[in-house]
Number of protein chains: 2
Amino acid sequence: MADRTKPSPVNVFPARRPTIRDVAARASVSIGTVSRVAGGSARVAEATRARVLAAMAETGYQPNAAARTMRTSRTRTIGFLIPDMANPVFSRVAIGAEPVLSAAGYMLFAVSSNRSPARELAFLEAAQQRQMDGLIVTLADETHGPVVERLGRIGVPLVILDRDVPVAADVVYSDHARPIETLVKQMVAQGHRRIALITASEKIRPGRARAEAFRKALAEAGLAAEERLIRSRAQTAEYGAAEAHDLLTGPKPPTALIAGGNEIFQGALRAIRLLGLSVPRDLSLAGADDRVLAELVDPPITVIDRDMAEVGATAARMLLERLDGLDAPPRRVLLGSSVVLHGSIGRPKGKR
Amino acid sequence: MADRTKPSPVNVFPARRPTIRDVAARASVSIGTVSRVAGGSARVAEATRARVLAAMAETGYQPNAAARTMRTSRTRTIGFLIPDMANPVFSRVAIGAEPVLSAAGYMLFAVSSNRSPARELAFLEAAQQRQMDGLIVTLADETHGPVVERLGRIGVPLVILDRDVPVAADVVYSDHARPIETLVKQMVAQGHRRIALITASEKIRPGRARAEAFRKALAEAGLAAEERLIRSRAQTAEYGAAEAHDLLTGPKPPTALIAGGNEIFQGALRAIRLLGLSVPRDLSLAGADDRVLAELVDPPITVIDRDMAEVGATAARMLLERLDGLDAPPRRVLLGSSVVLHGSIGRPKGKR
DNA sequence: CTGTTAGCGCTTTCAC
DNA sequence: GTGAAAGCGCTAACAG
């Protein structure tokens, strides 16, 4: 039996979204009090609070975020810019960051730039106009002037992932040098003298760091770095396949190959398969950033592996510290990478 | 030489973000005129427009999205909810939707629910409070009451992806029946009588649709569907591995297996590898939604393939039509799936 | 074509 | 502990 003394929870005129004013009227309090209850902060008499909460439930009140932002200039929103959201290496970062941020009351919104600096600029502009409270950013090309400039003026806490950008922001980056060094050493120890590297463009830190580490490791092994064996222009599967094919069918082909980058790794595998080469008999191989693939192909391939969710969680924590008012010089956090060994690195042909 | 008649583009007091009022003062016009120029819509004298644009550039003016939303109730923002952003099957949808939406002036913000209905609810609430203009949604569990209920009241244009939800919204879904039918027919034609299916939970349409199609195809082939050979409870790699292992080591193991779902496919492959089974000699196999993996393992595996970017582009177009005011009953678009043939389906053991 | 003005819904003093 | 009131920055009438 319906209790006629209680107002019906069904609104007769639900066209307009209820505002703080509707709730106030229903609870017979002022809008200030409703605001205090909604905000949860200031002290309100228990009985009043209960009346207001009931009125909120009955009207289906939802605070208007735009109005809040008008007053407070805060949105409880973090933007996450990634070059390619379909690449798990990037999207896993979001998986790691999200729980940290949501626990602190922030929503994480991911945007994929599709590796286009123009889209990156559009994102930064949108983030600024929407007054996002903080940003986590992975650039497609850290040499792009307008993007870097805009990042410098962004005016909100910013964490940059694995890029060297001349901007006063916190950075989380991965150790690319150590795994390359490990792999080169292992290949050299097996007797390889002609080792090739395919990796991302040197316009982004990972490509640069891997190429540099590669040259250094070769030098330390007493081997002359042959620039023809270093390919670092792009990070697509197509690029990986094309360069692998070119390397392996060219004069004096390498006996060992490091495919740095998950898409490059896929492409290189395809080229190797197409050429009918057997790993590690015809070619020793190491990949990166795709353990699943590495372990399911035959034979399983030794891979560089990174915990991208940890990258995301770390970035989120650093951002929260800034949002909490931390005023410190830009910080840089280096996260380790590991090498997962499988049997894909053997002795070069003719040396067994 | 500096032209003293022009105001300096460097603000002496840049602490506060310039507003429409600052621009108006600098251009010696009213704020209404600045608004008209910013909005780009109404007609403004060419000379005035130029002055205003100059003043905007000089002050570095950025419209305040919250203030605009206050007045217009629109945000030019579309929310995209996915169960797992690290799964390319989902994130490719965003890659397809983004260009369509950005061309129409909308930003696409992706949020990963991590398959948690609670996070889904949090997303829907955030979207509503932030007054997102439209939503594209993939639910983790279409039977979850509160989520479905909230979706029903969402109040903005909504496109649902590949789920059966009792809500008046447009839907884009994939054809799961046809590829399953194709695969079963091919397996039966090769002489298989014991065919197994591992697929997602029947709490979501893909799992249900595949399981139903599977039963139907078996019946049409005159085979009794053995429920023990149908596993449809989850969609993780771990689940795929566990069920594949159980099926293949149990009594009367199947001679052919369909692993529906990209993660299940990965897990099944791992189990098969662990058991030392050879495809297609010991087992005929088909996978789904991971062409790269299917083509790089040895032997390459026949897979069900879908163009997820096309799903995204279609959803985006449908959403835009609604945003443009289309008032029509909920629409359902079915997008095709294909089967990419490789040699992983052969004759059952002992029948060759 | 342009200026003036009234709020959009909310938070936050400031009184009481 | 609660109410009243100002105003965040903008758009959209409405005048002129």
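Letters go in sequence order (proteins before strands), and every chain restarts at 1. Small disclaimer: the values here were computed from a predicted structure and weren't measured.
The side chain of A:Arg68 approaches C:dT11 more closely than any other nucleotide in the set D:dG9, C:dT11, D:dG1. Distances from the side chain of A:Ser35 to the nucleotides D:dG9, C:dT11, C:dC10 place C:dT11 closest. When the nucleotides C:dC10, C:dT11, D:dG9 are ranked by their closest atom to the side chain of A:Tyr61, C:dC10 comes out on top.
Taking the charged nitrogens against the carboxylate oxygens, A:Asp133 and A:Arg76 have no contact shorter than 4.0 Å, which rules out a salt bridge. Remark: B:Glu120 does not engage B:Arg115 in a salt bridge, criterion side-chain N to carboxylate O under 4.0 Å.
Contact annotation: the side chain of B:Asn87 never approaches that of B:Ile82 to less than 4.5 Å [non-hydrogen atoms, C-beta and beyond].
Between B:Asn114 and B:Ser112, the side chains place no donor N or O within less than 3.5 Å of an acceptor N or O (distance only, hydrogens not considered). Donor-acceptor pairing under 3.5 Å is recorded for the side chains of A:Thr77 and B:Arg130.
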Measure all distances between protein nitrogen or oxygen atoms and nitrogen or oxygen atoms of nucleotides 4-7 of chain C, and list the pairs falling under 3.5 Å.
| unit_1 | atom_1 | unit_2 | atom_2 | d |
| --- | --- | --- | --- | --- |
| C:dG7 | N2 | B:Arg71 | NE | 3.0 |
| C:dG7 | N2 | B:Arg71 | NH1 | 2.8 |
| C:dG7 | N3 | B:Arg71 | NH1 | 3.0 |

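The interatomic distance linking A:Met70 (CE) with D:dC10 (P) rounds to 7 Å, in whole Å. Between B:Arg74 atom CZ and D:dA12 atom C1' there is a gap of 15 Å when expressed in whole angstrom units. Rounded to a whole Å, the CG atom of A:Asn64 is 13 Å from the C1' atom of C:dT11. In this structure, B:Ile20 places its CD1 atom 12 Å from C1' of D:dA12, rounding to the nearest Å. B:Asp22 has its CG atom 9 Å from the P atom of D:dG9, to the nearest Å. Here C:dC8 presents its P atom at 15 Å from CZ of A:Arg17, a figure rounded to the nearest Å. Rounded to whole Å, atom C1' of D:dC10 lies 16 Å from atom CZ of B:Arg76.
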Apply side-chain contact (heavy atoms from CB on, under 4.5 Å) to A:Phe123 and A:Leu135, showing your working. CA-CA 10 Å; A:Phe123 165 80; A:Leu135 262 36; 4.1 Å; yes
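Heavy atoms of B:Val29 sit under 4.0 angstrom from primed sugar atoms or phosphate atoms, though from no base atom. Residue contacts for B:Thr48: at a heavy-atom cut-off of 4.0 Å it reaches the sugar-phosphate backbone alone, with no base atom in range.
Across A:Arg163 and A:Val171, no two heavy atoms sit closer than the pair O-CG1, 3.9 Å. Nearest heavy atoms, B:Arg119 versus A:Met107: NH2-SD, 4.3 Å.
Paired with A:Asp162 under the rule side-chain contact (heavy atoms from CB on, under 4.5 Å), one option of A:Arg205, A:Glu142, A:Met308 passes, and it is A:Arg205.
A heavy atom lying under 4.0 Å from DNA chain C marks none of the residues of residues 123-133 of chain B.
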